[in-house]
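Below, chain A is the first sequence line, B the second, and so on; all start at residue 1.
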Amino acid sequence: MALVDTAYRHWTGRHQGLWWRRWVISENGIRASLANRWMRYLLVVCWVSALVEVAALFCVGQLLVADSLIVRLIPNTDAAIQAFVKGLTGWLEQHPEVSVRTTQNLLFYQFTTFLLSFNLIVITLTIPRLITRDLSSHAIVIYASKAVGRLDYVIGKLGIVVGMLTLTWLGPVVMAWFLGNLLAPDWHFFWHARAALGHALLFVGLGMLFLGVLALAVSAVSARSRATIGLWLILWLVGNAFVPFAEHSRPWLRHLSFRHNLDQAAVAIFQPKEDLQRAQTQIPILGDIVRRMTRQGPRRWQTDDAGSAFLALGIMVFASGLVLSSRIQRE
Amino acid sequence: MQFPEDSGATGLVGTRDSLLVRARFFAILWRVSDPVIETQQLVKRYGRLAALDGVDIRLEPGAIGLLGPNGAGKSTLIKCLLSLQSFTSGEARLLGRPVRKEGREIRRRVGYTPEQDCHIPGMAGCEYVTYCAQLSGLPFRDARQRAHEMLDFVGMGQERYRKIETYSTGMRQRLKLAQAIVHDPEIVFLDEPTNGLDPKGQGQILDLIRGLWEVHGITVVLSTHLLHDVDRICDQILLLAQGRILVHDTLENLKARRKGAAEVAVNGREQETITAFEHQGWACELQPNGRIRVEHGAGDLRPMLEVLRAEKASLIEIIPSPNALEEMYVQAVENSHGPG
């Protein structure tokens, strides 16, 4: 092939800023992650879940509409359900500000923690594309020789995790809240449900940052994809399986599981138990049901060591920072 | 790929001639103002081992050959200049800026082809070069255009659309060169750019590299242990051994120091020519390639040419100061090891 030295032109355009260069790293990683078929399936699952959440919020709102299909269907159900719905409807009518807040807070607590499991799978698929492959192919040298520093590289890679979790966690949650309240019979639902959104944003935001930093650290541990995926699964699944055993012997060991710590953080932020107790005092007709739920309900609805959980998450972030700092050298 | 003359909207401007004039102009400006590379007592230690041991250099724009045996400190010097590695002590300035403080800004104006094979997995060649341009701050559209232009420049055809993992060594070397110059750097560091290439590929790549300085005014720092590569394209030589600078001079001066020897190719009558030279008292040797090596000891070739004319020898080629670089290299490296 003939080489013709006529193609070279000097470039005189304007350079983009630093944040743009960081975004380039994130955007490229997100695009590469979405090329994975399984990742696209997960994306669909998360957004379909959001539509289910919207449907649940819609149904709750329809209880206030006298001639709605749901209200018309209630007489055909059994007595217990009729009693529950009657109590809930009365509560919504008498204390809309409290009842909307409580029901949506509970629904979004369940929804965000439900989506968390799918997001951990998303991270499992993303981990090799973060730093692992750059280590194995020496691409780190290429990044280091360009106009991005080590910190820019890490921020760009963190952006990949945050971007992916925005698509599969934050996005569905915000969409469900907005669409669910848009379909409600009263505009005031938006205002009364603000706490649910605030709690969801706080938990999802903290979760995204924590999981992002942890995933980067795991991804930087080895240049082999299998090793980093294996380590992530050990931290997640084995750590989670270890929690019930530690509970009876040395409870502090539960904090070695980041999933347990995140669950505790969610309970501390959403405070679902307090919502149930509030409902119990305000709707006597539901008293027995609520009492049973708070007494025998899922143990994960209760938190007795939220401070320790946040401390453990902080220590994990610090340890991840140390791993990143030692593994991502200038070269 | 040809771009229209009025492509100013994308930042790609000017005709080839005007660009050549501009490149020359900036090169001249550099020459009369600041050195492109300047170090003072640069030291880089790995534990007790000094990879760079008080390096003092002041290099003007040009095609600079960084020579030295393996482990001499060539790659370490480049990495320190690009702030890919921190140095233990001393000062370094690249393009007039302090390396320690302005590493990122410097790297925006510098290109680098590492010695080792490095790429981003899963990318096609053109995607990779575009991405590298974006990392240097080019907007996407300009980055994509520049990427295709540079891939044309290094001689890559449709294979640019294939995954890099499927590339041969030669293609990867070309790709590394393309990513190093895609953002139009002022200086480009090339670490063993002809490794793994066949002779034809080596020649093509070296021609491109030579053009970067001679035609486009981009300073080239070529790190290699292949003397032929340096002899072919460089005008300044920096010889390193054991982390120290042994020689720093222009190739012209180095060859001038080695005047007094030449290689002559004649069309037949080799033995008669040798006899004629020996009558002058010059040491001669017929080499396996048919050329005659003559130690004539003169400052120029005129005495030799007179002998050849008197002998009526049919001259094919005459090479003044052959192997000057090699001899200088061997001597300098041997001296650096000391007697014994």
Side-chain angles (χ1 to χ4, degrees), chain A residues 1-29 31-36 128-153 156-157 223-225 328-331, chain B residues 1-3 7-8 10-14 16 19 22-23 79 82-86 103-105 107-112 114 116-123 131-132 134-140 142 146 149-150 152-155 157 179-181 183-184 189 204 207-208 211-212 215-217:
Chain A
M1 182 188 306
L3 291 175
V4 185
D5 182 8
T6 54
Y8 197 93
R9 296 282 187 280
H10 286 284
W11 183 75
T12 56
R14 190 166 162 268
H15 284 91
Q16 301 290 312
L18 187 55
W19 279 101
W20 189 86
R21 279 173 261 158
R22 291 168 178 168
W23 164 245
V24 165
I25 298 174
S26 303
E27 187 256 345
N28 179 68
R31 207 153 28 86
S33 295
L34 289 175
N36 183 321
R129 296 179 192 280
L130 295 175
I131 298 171
T132 309
R133 289 188 184 175
D134 288 348
L135 289 173
S136 67
S137 65
H138 305 292
I140 289 269
V141 180
I142 290 296
Y143 283 103
S145 68
K146 302 296 175 193
V148 286
R150 270 200 305 174
L151 182 64
D152 307 321
Y153 173 78
K157 292 290 178 180
R224 290 187 305 136
S225 297
I328 305 175
Q329 297 293 334
R330 281 184 171 152
E331 188 184 356
Chain B
M1 172 184 268
Q2 295 293 329
F3 284 95
S7 56
T10 61
L12 298 153
V13 295
R16 186 172 186 271
L19 285 166
R22 198 183 308 173
K79 286 169 186 170
L82 290 172
S83 66
L84 300 179
Q85 283 184 352
S86 59
R104 189 192 286 136
E105 172 58 23
R107 289 197 301 272
R108 192 171 62 76
R109 299 163 60 191
V110 170
Y112 174 51
Q116 71 214 99
D117 189 22
C118 38
H119 62 273
I120 297 173
M123 277 190 175
Y131 184 54
C132 287
Q134 287 185 284
L135 288 177
S136 297
L138 270 68
F140 174 71
D142 285 12
R146 287 278 307 175
E149 201 174 24
M150 290 308 105
D152 286 340
F153 179 70
V154 299
Q179 66 80 25
I181 56 175
H183 55 293
D184 193 22
F189 290 88
Q204 289 174 336
D207 284 345
L208 288 175
L212 286 177
V215 182
H216 306 294

Please determine, among B/Ile181, B/Leu82, B/Asp117, B/Leu138, the option with the most heavy-atom pairs under 4.5 Å with chain A.
-> B/Leu138
Identify the heavy atoms of B/Ile120 and A/Ala139 that sit nearest to each other, and give their distance.
-> CG1-CB, 3.7 Å
Closest non-hydrogen atoms of A/Thr132 and A/Ser225, given as atom of the first, atom of the second and distance, are CG2-N, 3.6 Å
Could you tell me which portion of A/Ile25 (side chain, backbone, both or neither) has an atom closer than 4.5 angstrom to a non-hydrogen atom of chain B?
-> both
Given that the side chain runs from C-beta out, which part of A/Arg14 has a heavy atom under 4.5 Å from chain B: side chain, backbone, both or neither?
-> backbone
Measure B/Pro139 against the heavy atoms of chain A and call it side chain, backbone, both or neither at under 4.5 Å.
-> both
Residue part contacting chain A, namely of B/Gln179, when any heavy atom lies under 4.5 Å = both
Derivation and outcome, side chain to side chain contact (heavy atoms under 4.5 Å, CB included), residues B/His216 and B/Phe153 = CA-CA 12 Å; B/His216 306 294; B/Phe153 179 70; 4.2 Å; yes
Do you know which of A/Gly17, A/Gly156, A/Ala35, A/Ser145 has the most heavy-atom pairs with chain B at a distance under 4.5 angstrom?
-> A/Ser145
Chi angles and distances behind the side chain to side chain contact (heavy atoms under 4.5 Å, CB included) call for A/Arg21, A/Asp152 | CA-CA 8 Å; A/Arg21 279 173 261 158; A/Asp152 307 321; over 6 Å; no
Is the Lys NZ or Arg CZ of B/Arg146 less than 6.0 Å from the centre of A/Tyr8's six-membered ring, within 45° of the axis?
-> yes
